[in-house]
Amino acid sequence: MENIQHKHVEARGLKLHVAEIGSGPKAVVFLHGFPEIWYTWRHQLVSVASKGYRAIAIDFRGYGLSEQPAEPENDTFIDLVHDVVALLDSLAIDKAFLVGKDFGALPAYLVAALHPERVSGVITLGIPFMLPGPSAVQNHLLPEGFYISRWQEPVGRAEADFGRFDVKTVIRNIYILFSRSEIPIAAADQEIMDLFDPATPLPPWFSEEDLSVYASLYEKSGFRYPLRVPYRTLKVDCGLTDPKVSAPSLLIVGEKDYVLNFPGIEDYIRTGAVKHFVPDLEITYMAEGNHFVHEQFPEQVNQLIVFFLDKHGI
């Protein structure tokens, strides 16, 4: 960890925070989800760099140590796609592997679909290929208290829910809720933060020190942008029709990830329907893996990632 270098890189007029280790000729760019940040990839950065790769993890715009856009309410997932390409340009990287977790999977796949010449391969954790748009997640098939539906409501409700607690408590609550196999769904008279039992300890693979790092970074950026991207922009059509990802790809699925219980997601993955969009896709299941499988079982995930990189990095 102490060998990871930090800097800010200009991308489309914003300074994005970059954590980097390794100096190999092939680059691997890690894209976080929520409530994560560059630090979520701490295990993978060191592992990939030790195998001869240039490992890079970013804070997306509006997150952590990266700058906020002037008008975040105008942003969509396509802004993240353009940012990744601009970042590759700024770092003088012609082609890279992209590794995405949670909502970070969406720009990883979209960069590969829109700019295939820039992508050597795609690895995603938990989230298969999906297009932002009205049908990205079938909210209407879940109760009104579904956490995505609540966080997609117009500005105010989620902010008030989070605002009852300090940042560290919000991150703790979400990490524990998202570590379960059940979809977080609140009752009509509850908010999402009310689902958390204060007596519940952190998972054994996530320390108080880890939590403090996350909290310190979200204290800098707040939750304004995360509530916009991914949540409130997830329904916004990205303007693509039947895109294809031609790059070799790997989907790592924790079988105890609550996302598998989203309507249609498990069938979409297990039947191979996802390969309509990503024809050259390998799928690996981890029986005990949850939504944070890369932190929960870092050694196993690192092995899968490095094997894929070595196989397709020739």
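Looking at Leu110 and Leu240, their side chains come closer than 4.5 Å, going by heavy atoms from C-beta outward. Within the 4.5 Å cutoff, no side-chain heavy atoms of Leu16 are placed close to those of Glu10.
Judged by distance alone, the side chain of Gln296 and the main-chain N or O of Pro204 form no donor-acceptor pair under 3.5 Å. The closest donor-acceptor contact from the side chain of Gln152 to the backbone of Tyr231 lies under 3.5 Å. Here the side chain of Arg232 pairs a donor or acceptor atom with the backbone of Glu153 at under 3.5 angstrom. Of the possible polar contacts, none joining the Thr40 side chain to the Ile37 backbone as a donor-acceptor pair under 3.5 Å is found. No donor-acceptor distance shorter than 3.5 angstrom exists from the side chain of Asn290 to the backbone of Asp257, with no hydrogens or angles considered. The main-chain N or O of Leu14 is never found under 3.5 Å from a side-chain atom of Glu67 such that the two would form a donor-acceptor pair.
Counting only N and O atoms by type, the side chains of His276 and Asp242 include a donor and acceptor under 3.5 Å apart. The closest side-chain donor-acceptor pair between Asp59 and Tyr39, if any, does not fall under 3.5 angstrom. Residues Lys168 and Ser212 bring a donor and an acceptor atom of their side chains to less than 3.5 Å of each other.
For the residue pair Ile185 and Leu195, the shortest heavy atom distance occurs at O-CD2, 3.5 Å.
In this structure, Glu299 places its CD atom where only 12 or fewer heavy-atom neighbours from other residues, nucleotides or ligands lie under 6.0 Å away.
Leu131 and Leu114 fall within a single hydrophobic cluster, where Ile, Leu, Val, Met, Phe, Trp and Tyr side chains are chained together by heavy-atom contacts under 4.5 Å.
The aromatic ring centroids of His43 and His294 lie 6.0 Å or more from each other. With ring centers used as reference points, Tyr175 lies under 6.0 Å from Tyr214.
Ring geometry for Phe97 versus Phe308: interplanar angle over 60°, hence perpendicular rather than tilted (30 to 60°). Ring-plane geometry between Tyr147 and Phe262 is classed as tilted, the angle between the planes lying from 30 to 60 degrees on a 0 to 90 degree scale.
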With a 3.5 Å cut-off and sequence neighbours excluded, list the donor-acceptor pairs that the side chains of residues 246-254 form with protein atoms.
from: Ser249; atom 1: OG; to: Ala247; atom 2: O; distance (Å): 3.0

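For the ring pair (Phe, Tyr, Trp, His ring centres under 6.0 Å) condition, the pairs that include at least one residue of residues 59-79, sequence neighbours left out, are His32-Phe60, His32-Tyr63, Phe60-Phe103, Tyr63-Phe103.
Figure legend: cation-pi geometry between Arg228 and Phe223 absent, as NZ or CZ is not positioned both under 6.0 Å from the six-membered ring centre and within 45° of its axis.
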